[in-house]
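Written below as structure tokens is the structure these notes are about.
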Amino acid sequence: MKQRKLGKQGLTVPAPGLGCMGMSDFYGTRDDQESIATIHRALDLGVTLLDTADMYGCGENERLVGHAIKGRRREVVLATKFGNMRDERGNFLGVNGRPEYVRACCDASLQRLGVKEIDLYYQHRVDPQVPIEETVGAMSELVRAGKVHYLGLSEAAPATIRRAMKVHPISALQTEYSLWTRDVEAEILPLCRELGIGFVPYSPLGRGFLTAKFKKPGDLPVNDWRRNNPRFQGGNFERNLKLTERIETLAKRKQCTPAQLALAWVLAQGDDIVPIPGTKRRNYLEENVAALNIELTPVDLKEISAAAPPGATAGLRYPEPAMQAVNR
């Protein structure tokens with residue numbers, strides 16, 4: 001498995017990693033047995049970067065990952081996140097970056113995961129009510145205590161990232177990035193490279209849209225969160241379907257699936273980029289890993305980029321209330 005460096009602090013991980021969120025929440029029904037089998041298969045293939053968060057399934061995803069890696073902890077680069085608060089019913093309660101909350105969340109995650117340390121610990125969303133210096137200061141205490149090895153941020157604005165770096169080195173920034181979400185190319189990616197921060201794109205397959213498996217909104221499971229996503233609704237869905245059809249055409253030419261082409265494109269954007277496509281099924285995991293074998297020429301990259309240029313996707317990437325929590 002190809003390895004890439006995240007940041008300048010010594011963190012080396014495989015590309016790609018595995019996003020575990022959908023195993024427990026948001027994307028239809030759960031199948032814990034298949035999810036655990038998928039994690040085991042990922043480790044066998046060398047996909048050892050596992051990404052979870054305390055909010056996924058209200059802690060259930062961390063428990064699932066912890067169960068899956070029991071006995072194989074040394075193989076895993078374990079990443080989790082804190083900051084998004086939910087109640088027992090899953091309702092979103094806001095963002096919390098207070099130092100005491102940071103410490104409590106870390107201890108709770110360690111217990112659910114059944115481990116003694118977390119390899120990469122992210123602030124999931126930035127709390128506008130708490131100076132980033134205080135939050136990252138508390139995170140740095142976790143490093144000194146040996147509970148965490150490396151620090152990361154998620155969906156943070158450039159000014160926030162610069163301020164955070166003055167408190168403690170940030171090894172990774174996790175933000176949405178794919179052929180249908182290219183906002184980061186303007187400022188965020190160049191800043192990460194300036195500061196030596198690795199970049200971890202989540203949803204590199206456009207929340208599954210770029211797999212070309214959805215032809216109409218009704219193809220989504222009834223209990224799937226994406227039904228409420230603006231990009232999966234009405235006229236936006238139809239416009240975005242045309243974008244995916246262009247990717248399908250290019251994928252046929254390269255003799256690969258649309259998902260593999262979309263993921264290969266993200267991987268080709270730089271050796272400091274480590275996408276974490278999420279899946280809860282072994283067949284899709286293997287399809288994603290096979291994207292590593294696709295070689296894209298400069299002409300290929302130009303054609304793919306032109307098929308899905310920045311700003312081409314219709315609709316916000318989150319409903320309006322959730323959009324207020326990103327890039328701050």
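Partner Phe232 forms a ring pair (Phe, Tyr, Trp, His ring centres under 6.0 Å) with one of Trp180, Tyr318, Trp225 and no other, that one being Trp180. Exactly one of Arg41, Arg281, Arg282 qualifies for a salt bridge (charged side-chain N to carboxylate O under 4.0 Å, His left out) with Glu34. That residue is Arg282.
Side chains of Thr181 and Glu176: a donor-acceptor N/O pair is present below 3.5 angstrom, by distance only. Looking at Asp54 and Ser109, their side chains never bring a donor and an acceptor atom within 3.5 Å of each other. Under the 3.5 Å distance criterion, with hydrogens and angles disregarded, a donor-acceptor pair is assigned to the side chains of Thr297 and Asp300. Side-chain atoms of Ser24 and Arg63 include no donor-acceptor pair closer than 3.5 Å. With 3.5 Å as the limit, one finds no donor-acceptor pair spanning the side chains of Ser154 and Gln123. Side-chain N/O atoms of Glu62 and Thr52 include no donor and acceptor closer than 3.5 Å. In this model, no donor atom of one side chain and acceptor atom of the other lie less than 3.5 Å apart for Asn96 and Gln129.
Annotation: Glu100, atom CD; neighbour count of heavy atoms from other residues, nucleotides and ligands within 6.0 Å is above 12. Within a 6.0 Å radius of CD in Glu245, other residues, nucleotides and ligands contribute more than 12 heavy atoms. Heavy-atom contacts from other residues, nucleotides or ligands closer than 6.0 Å to NZ of Lys254 number more than 12. More than 12 heavy atoms of other shown residues, nucleotides or ligands fall within 6.0 angstrom of atom NE2 in His149. Residue Lys302 qualifies as open at atom NZ: its count of foreign heavy atoms under 6.0 Å is 12 or below.
The heavy-atom pair separating Met1 from Gln3 by the smallest distance is O-NE2, 3.3 Å. Heavy-atom minimum distance, Ala264 versus Ala291: CB-O, 3.9 Å.
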Atom pairs and distances, side-chain donor-acceptor, residues 319-328, under 3.5 Å, sequence neighbours left out:
residue	atom	partner	partner atom	Å
Arg328	NE	Val126	O	2.8
Arg328	NH1	Gln324	O	3.1
Arg328	NH2	Val126	O	3.1

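Looking at Arg4, its side chain never comes within 3.5 Å of a backbone N or O of Val13 through a donor-acceptor pair. Judged by distance alone, the side chain of Arg239 and the main-chain N or O of Ala314 form no donor-acceptor pair under 3.5 Å. In this structure a side-chain-to-backbone donor-acceptor pair under 3.5 Å is present from Asp25 to Gly57. The main-chain N or O of Arg103 is never found under 3.5 Å from a side-chain atom of Lys147 such that the two would form a donor-acceptor pair. Formation of a donor-acceptor pair under 3.5 Å by the Thr38 side chain with backbone atoms of Lys280 is found in this model. Although no hydrogens or angles enter the test, the distance criterion places no donor-acceptor pair under 3.5 Å between the side chain of Asp51 and the main chain of Gly19.
A salt bridge does not link Arg163 to Glu134: none of the charged side-chain nitrogens sits closer than 4.0 Å to a carboxylate oxygen.
Both tests do not hold together for Arg227 against Phe26: distance to the six-membered ring centre under 6.0 Å, angle to the ring axis within 45°. Cation-pi geometry between Arg231 and Phe237 is not met: the NZ or CZ atom fails to fall both under 6.0 Å from the ring centre and inside 45° of the normal.
In terms of hydrophobic clustering, with Ile, Leu, Val, Met, Phe, Trp and Tyr side chains grouped at heavy-atom distances under 4.5 Å, Val274 and Leu151 are assigned to different clusters.
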- Report the C-alpha separation of Tyr122 and Glu155 in whole Å, then their side-chain angles, then the decisive distance to 0.1 Å, and conclude whether the side chain to side chain contact (heavy atoms under 4.5 Å, CB included) test is met. CA-CA 10 Å; Tyr122 292 97; Glu155 292 284 3; over 6 Å; no

- Criterion ring-ring contact (aromatic ring centres under 6.0 Å, His included) on Tyr150 and His168, from CA distance to verdict: CA-CA 10 Å; Tyr150 303 96; His168 190 278; 9.3 Å; no

- Take Leu179 and Val266 through the test side chain to side chain contact (heavy atoms under 4.5 Å, CB included) and record every step on the way to the result. CA-CA 8 Å; Leu179 279 169; Val266 174; 5.8 Å; no

- Passes ring-ring contact (aromatic ring centres under 6.0 Å, His included), Tyr121 versus Phe82? Steps please. CA-CA 8 Å; Tyr121 200 42; Phe82 75 92; 5.1 Å; yes

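For Arg125, there are no salt bridge (Lys or Arg N to Asp or Glu O under 4.0 Å) partners at least two apart in sequence or on another chain.
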